[in-house]
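What follows is a single structure, written as structure tokens, with notes after it.
What's counted below: heavy atoms across the whole structure, side chains too, no hydrogens, waters or symmetry copies.
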Amino acid sequence: VQLQASGGGLVQAGDSLKLACVASGPSFSRYAVAWFRQPPGKEREFVASINRSGADTYYADSVKGRFTISRDNDRKTVYLQMDSLKPEESAVYFCAARSVISSWNIRWNIRWEDYHTWGQGTLVTVSS
């Protein structure tokens, strides 16, 4: 599968933004998907993940309650709704996927090395 992230842009602090990660290729419903972000000059960090069916989601503590990850397997798309954005969340946001078995636990796999397929990233800039 190949991934393409979109939806980034320039917003003000407190605004919302919705990112999309569109997959091409077969069997998208076999993939767990995660969003990571990389602020300028910093390491890539986990943001949120979702299991194959969409029934299970997991968030970094820093975004819990403000970000929502969801997926539409018919459209082969995973979304990241980001509300109440903060300037320190300015970063390139990447979506990543991995073909997994149904019992694969998204909570145990939050390192970027746990995901094998990556999109190109979309830039989010939050002004203060």
Q) Does Asp74 have any salt bridge (charged side-chain N to carboxylate O under 4.0 Å, His left out) partners at least two apart in sequence or in another chain, and if so, which? A) none

Q: Name all pairs fulfilling the salt bridge (charged side-chain N to carboxylate O under 4.0 Å, His left out) condition that reach into residues 7-32, sequence neighbours left out, sorted by first residue then second.
A: none

Q: Identify the heavy atoms of Arg71 and Asn73 that sit nearest to each other, and give their distance.
A: NE-OD1, 2.7 Å

Q.
Do Gln2 and Thr117 make a side-chain contact, defined as non-hydrogen atoms from C-beta onward lying under 4.5 Å apart?
A. no

Q.
Suppose the criterion is ring pair (Phe, Tyr, Trp, His ring centres under 6.0 Å): which pairs have a residue in residues 58-94, not counting sequence neighbours?
A. Phe46-Tyr58

Q) Between Asp56 (side chain) and Asn51 (backbone), is there a donor-acceptor pair under 3.5 Å? A) no

Q: Measure the shortest side-chain to side-chain distance between Trp35 and Val78 over non-hydrogen atoms and say whether it is less than 4.5 angstrom.
A: yes

Q.
Does anything in residues 38-50 form a salt bridge (charged side-chain N to carboxylate O under 4.0 Å, His left out)? List the pairs, not counting sequence neighbours.
A. Arg37-Glu45

Q.
My understanding is that only residues two or more places apart in sequence, or in another chain, count here; which of them pass ring-ring contact (aromatic ring centres under 6.0 Å, His included) with Trp104?
A. Tyr115

Q. Can any side-chain N or O of Ser62 pair as donor or acceptor with the backbone N or O of Ala60 at less than 3.5 Å?
A. no

Q | Non-neighbouring partners of Glu88 that pass salt bridge (charged side-chain N to carboxylate O under 4.0 Å, His left out), sequence neighbours left out | A | none

Q: Determine the minimum heavy-atom distance between Glu89 and Val63, stating which atoms define it.
A: OE2-CG1, 3.9 Å

Q.
If you count every heavy atom of other residues, nucleotides or ligands that lies below 6.0 Å from Gln4 atom CD, does the total exceed 12?
A. no

Q. Which atom pair, heavy atoms only, marks the closest approach of Ala97 to Val33?
A. CB-CG2, 4.1 Å

Q: Quick one: pull up CD1 in Ile69 and OG in Ser49 and give me the separation to the nearest 0.5 Å.
A: 6.0 Å

Q) Where is the tightest heavy-atom contact between Ser102 and Arg52, given as atom of each residue plus distance? A) CB-NH2, 3.5 Å

Q: Quick one: which residue pairs count as a salt bridge (charged side-chain N to carboxylate O under 4.0 Å, His left out) with a foot in residues 112-128, not counting sequence neighbours?
A: Arg111-Asp114

Ignoring hydrogens and angles, write down the donor-acceptor pairs under 3.5 Å from the side chains of residues 19-29, residues two or more places apart or on other chains.
none

Name every donor-acceptor pair, under 3.5 Å, that has one atom in a side chain of residues 80-87 and the other anywhere in the protein, sequence neighbours excluded.
| unit_1 | atom_1 | unit_2 | atom_2 | d |
| --- | --- | --- | --- | --- |
| Gln81 | NE2 | Asp83 | OD1 | 2.8 |
| Asp83 | OD1 | Ser16 | OG | 2.7 |

Q) How about Trp118: does its CH2 atom have over 12 heavy atoms from other parts shown lying under 6.0 Å from it? A) yes

Anything under 3.5 Å between a donor and an acceptor, one on a side chain of residues 119-127, the other on a protein residue two or more places apart or in another chain? List them.
| unit_1 | atom_1 | unit_2 | atom_2 | d |
| --- | --- | --- | --- | --- |
| Gln120 | OE1 | Ala5 | N | 3.3 |
| Gln120 | NE2 | Ala5 | O | 2.8 |
| Thr122 | OG1 | Gly8 | N | 3.0 |
| Ser127 | OG | Val11 | O | 3.3 |

Q.
Assigning hydrophobic clusters by single linkage (Ile, Leu, Val, Met, Phe, Trp, Tyr; side-chain heavy-atom cutoff under 4.5 Å), is Phe36 placed with Val92?
A. yes

